[in-house]
**Q** 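Please read through the structure below; I'll follow up with questions.
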Amino acid sequence: MAQRYFFRLVHAETVIEDPTGVVADDLDQALAEAEAAIAELKAAGELPGDAGGWQMEIRDESGTLLRALDLG
């Protein structure tokens, strides 16, 4: 059953929330969406070339951390 996943960008004390999220059938599909979002952010120059220390967290609707992807 599809559910909503949220992608949160985190670096040290900085957190950028994702208020909209995406609807995906499962975590694997949400992970593919997150990887596509990271590629888009990098292509648009919205992430530094060396994004070391930044992570994109994938969370479910209850806020539970499901996966964290290093962006560096």
Side-chain angles (χ1 to χ4, degrees):
M1 183 168 115
Q3 69 174 11
R4 189 166 296 277
Y5 295 88
F6 297 88
F7 305 146
R8 206 167 97 150
L9 291 172
V10 179
H11 182 267
E13 302 291 321
T14 303
V15 176
I16 301 172
E17 296 287 347
D18 170 16
T20 307
V22 298
V23 176
D25 291 331
D26 55 27
L27 181 56
D28 287 336
Q29 186 180 10
L31 181 58
E33 294 283 342
E35 290 170 344
I38 291 166
E40 287 177 23
L41 289 169
K42 287 182 178 180
E46 295 181 31
L47 284 176
D50 175 22
W54 280 93
Q55 288 189 326
M56 179 177 281
E57 297 178 346
I58 302 174
R59 293 182 176 264
D60 65 14
E61 291 181 278
S62 69
T64 301
L65 176 64
L66 304 173
R67 184 78 53 95
L69 305 171
D70 289 324
L71 303 186

**Q** Hey, quick one: are Leu31 and Tyr5 part of the same hydrophobic cluster, counting side-chain heavy atoms closer than 4.5 Å, chains of contacts allowed?
**A** yes
**Q** Distance-only, no hydrogens or angles: does the Arg67 side chain make a donor-acceptor pair with backbone N or O of Met56 under 3.5 Å?
**A** no
**Q** Testing the basics here: between Glu61 and Arg4, what is the closest heavy-atom pair and its distance to 0.1 Å?
**A** CG-O, 3.4 Å
**Q** What heavy-atom pair brings Val22 and Phe7 nearest, and what distance separates the two atoms?
**A** CG2-CZ, 3.6 Å
**Q** Roughly how far, to the nearest 0.5 Å, is the CZ atom of Phe6 from the CD atom of Glu57?
**A** 13.5 Å
**Q** Quick check on side chain to side chain contact (heavy atoms under 4.5 Å, CB included): which of Ile38, Asp18, Ile16 does Leu9 satisfy it with?
**A** Ile16
**Q** Which atoms form the tightest heavy-atom contact between Ala24 and Ala30, and what is the distance?
**A** CB-N, 3.8 Å
**Q** Applying a strict under-4.5 Å side-chain criterion to I, L, V, M, F, W and Y, I'd like to know whether Leu65 and Leu27 cluster together.
**A** no
**Q** Show the nearest heavy-atom pair for residues Gln55 and Ala68, with the distance to one decimal.
**A** OE1-CB, 3.9 Å
